[in-house]
Protein chains: 2
Amino acid sequence: MAKAYERIADELRESIRAGELKPGDRLPSETKLAEDHRRSVPTIRDALRLLQDEGLIEKLHGRGNFVRKARTRVLRTNDRHQWEKDRAREPEAKRLETGSTEHDTGLEVDDLVFHASYRETKADKEIAEALGVPEGSALVERSYRTRYAAETAPFALVTSYLIRALVESNPDLLDAANEPWPGGTQNQLLSVGIELDRIEERVTARPPTPEEAEELELPPGTSVLLLRKTSFDLNDRVVEMSDVTLPGDRTEMLFTTPLERW
Amino acid sequence: MAKAYERIADELRESIRAGELKPGDRLPSETKLAEDHRRSVPTIRDALRLLQDEGLIEKLHGRGNFVRKARTRVLRTNDRHQWEKDRAREPEAKRLETGSTEHDTGLEVDDLVFHASYRETKADKEIAEALGVPEGSALVERSYRTRYAAETAPFALVTSYLIRALVESNPDLLDAANEPWPGGTQNQLLSVGIELDRIEERVTARPPTPEEAEELELPPGTSVLLLRKTSFDLNDRVVEMSDVTLPGDRTEMLFTTPLERW
DNA sequence: GAGTGGTCTAGACCACTGT
DNA sequence: CAGTGGTCTAGACCACTCC
């Protein structure tokens, strides 16, 4: 025999999937649902929590419970890397026009708000391994937040690591005041004589930590995508590594793999 | 003033992050926690549910609440596509040895259990658009489940779509009895004269549906990765499309993007 | 059988939203 | 102000695990 709160959740889920309850619709109040199903309010709330955890409904205090609407997605492609490499050697005037985020989103520079901060650190075990340097090596840790001007939450949390010894010959690379840097990271690396050979991106997913949920303004019932991007130079050395946290309900990543001809 | 259940959750989360409570450790019983914090048991349970939703703890009925251990990850790379393309033209004996899943996981064929089923359908609006065919076109819908022999849950749910008109010249492609097909999908397509030019993969993440959680044996507090793979032939036609659902807590996807030289 | 978490109740009181 | 969901209590009873 199935549990009451599961049966009630199943019923509501079915109504939502069938389209009887459409995105934006208000569900009956919790007391109303309790009467209808002849159950106590806490039992109803158990059912609604299941639906919330699945991302199907949104609970708004004082207003009601609503079927969740899909959020508009931000597309992030891997051809941005080649695009950024090409762009890195353009004259500064050209580089100022657009960054890779604008390339992805098709937006103007003015539609986006950009924030960067730099910090000097030493590599812990995990980061050292990812960068292929000894533990304790001096690093430049750079933190980026980009959001739509019309919104309050950023659409990505980015932490990027550079190996200080590789970039310190250009002091401009140690100062966040030079951000946003026209031409992006690949132009920064070019300024110290580094050319990239390839980029590796590792992707996983999990529920957000409370801190991530807070900063990305994620409602309950959403996931985050974790992207670790590693850049290799022509000598197969790791020259940069970034950890990116993206909201799962509004991010779509597109990777294109070209194949050699037979 | 913070809510009691949040404060209790914060305290426990901190203990876990600090390593005072290690993966596998049992938390104090709910009644014990209630006494310690001078709160009712339901309030403690509210706190523990937060931690469960974050994927930090595992609730085991009759045994206790435990700090969750990380599961071993399955790596899925995008160089599998080129590998599979090369493999598609090898003689059958060679193709029988390993499939792309074994290529990714480094396992033997015997370590994996494979299941396939075919079904003929018509393209609904969404699928038709993805395949670039008219709505209602005849399709071959193929469903795959692969799991470790030692485990009960598959590590991926795959639904693949072929356009019937493109493949029906080889009747073997309409029969699941020929699975696992030596050489995989690219060899199947070769048998009807199709060569692939590139593969596009779109990735998003969200909490699992109850059905996905059931089939993948996902504990609460995990996400799924959704991968839509689209294969294009030399004429830029879509010739195959797959939707893949992967457990977020045990899947890592690796995409390598090579860059052209300056 | 002792100890654990899971389901469910009935209700008090608080906090937020709208009119 | 009425109506909504959010927090919390105190306790009954069930189901599972392990000794």
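These numbers were taken from a predicted model, which means no experiment stands behind them. Sequence lines set the chain letters: A, B, ... in the order given, protein chains first and strands last, and positions in each chain run from 1. All values below come from the heavy atoms of this structure, side chains included, with hydrogens, waters and symmetry mates left out.
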**OP:** Using atom CZ of R38(A) as one end and atom P of dC8(C) as the other, report the distance to the nearest whole Å.
**Re:** 17 Å
Subject >> Nearest non-hydrogen partners of S242(B) and V158(B), listed with the distance >> reply: CB-CG1, 4.4 Å
Look for any protein N or O under 3.5 Å of an N or O in nucleotides 17-19 of chain C and output each such pair with its distance, or none.
| from | atom 1 | to | atom 2 | distance (Å) |
| --- | --- | --- | --- | --- |
| dG18(C) | OP1 | R63(A) | NH1 | 2.8 |

Original post:
OP1 or OP2 of dG6(C) less than 4.0 angstrom from a side-chain nitrogen or oxygen of R45(B), does that happen here?
Top reply: yes
Subject >> Axial cation check for F66(A) ring with R68(A), 6.0 Å and 45° limits >> reply: no
Subject >> Five-pair end axes of the helix from dG1(C)-dC18(D) to dG18(C)-dC1(D), angle between them (10°) >> reply: 20°
**OP:** Find the distance D46(A):CG to dA10(C):P and express it as a whole number of Å.
**Re:** 15 Å
Subject >> N65(A) side chain, from C-beta outward: closest of dG11(D), dG5(D), dC8(D) >> reply: dG5(D)
Subject >> R39(A) side-chain proximity, nearest of dT9(C), dG5(C), dT7(C) >> reply: dT9(C)
Original post:
Quick one: is T43(A) getting a side-chain N or O under 4.0 Å of the dT9(C) phosphate, OP1 or OP2?
Top reply: yes
Subject >> Donor + acceptor pair across side chains of E11(B), H37(B) (<3.5 Å) >> reply: yes
Original post:
Hey, does S29(A) reach any base, or is it just sugar-phosphate, or nothing, if we go heavy atoms under 4.0 Å?
Top reply: sugar-phosphate
Original post:
Parallel, tilted or perpendicular: which describes the rings of Y144(A) and Y118(A), with under 30° parallel and over 60° perpendicular?
Top reply: perpendicular
Original post:
Should E6(B) and K3(B) count as an ion pair when the cut-off is N to O under 4.0 Å?
Top reply: yes
**OP:** State which of dC8(C), dC8(D), dG5(D) makes the closest approach to the side chain of Y5(B).
**Re:** dC8(D)
Subject >> Position toward the 5' end of DNA chain C (nearest nucleotide), Q52(B) or V41(A) >> reply: Q52(B)
**OP:** Calculate the interatomic distance between K3(B) atom NZ and dC8(D) atom P; express it in whole Å.
**Re:** 8 Å
Subject >> K59(A) side-chain proximity, nearest of dG6(C), dC8(D), dG5(D) >> reply: dG5(D)
Subject >> Ion pair E252(A)/R202(B), N-O distance below 4.0 Å >> reply: yes
**OP:** Ignoring backbone atoms, test whether S40(A) places a side-chain nitrogen or oxygen under 4.0 Å from the OP1 or OP2 oxygen of dG11(C).
**Re:** no
**OP:** Using whole Å, report how far CD of E6(A) lies from P of dC14(D).
**Re:** 19 Å
Subject >> Verdict with reasoning, I199(A) to T256(B), per side-chain contact (heavy atoms from CB on, under 4.5 Å) >> reply: CA-CA 6 Å; I199(A) 289 178; T256(B) 303; over 6 Å; no
Original post:
Quick one: do the E30(A) and N65(A) side chains pair a donor with an acceptor below 3.5 Å?
Top reply: yes
**OP:** Please identify each residue that fulfils side-chain hydrogen bond (donor to acceptor under 3.5 Å, both in side chains) with E54(A), with sequence neighbours left out.
**Re:** R13(A)
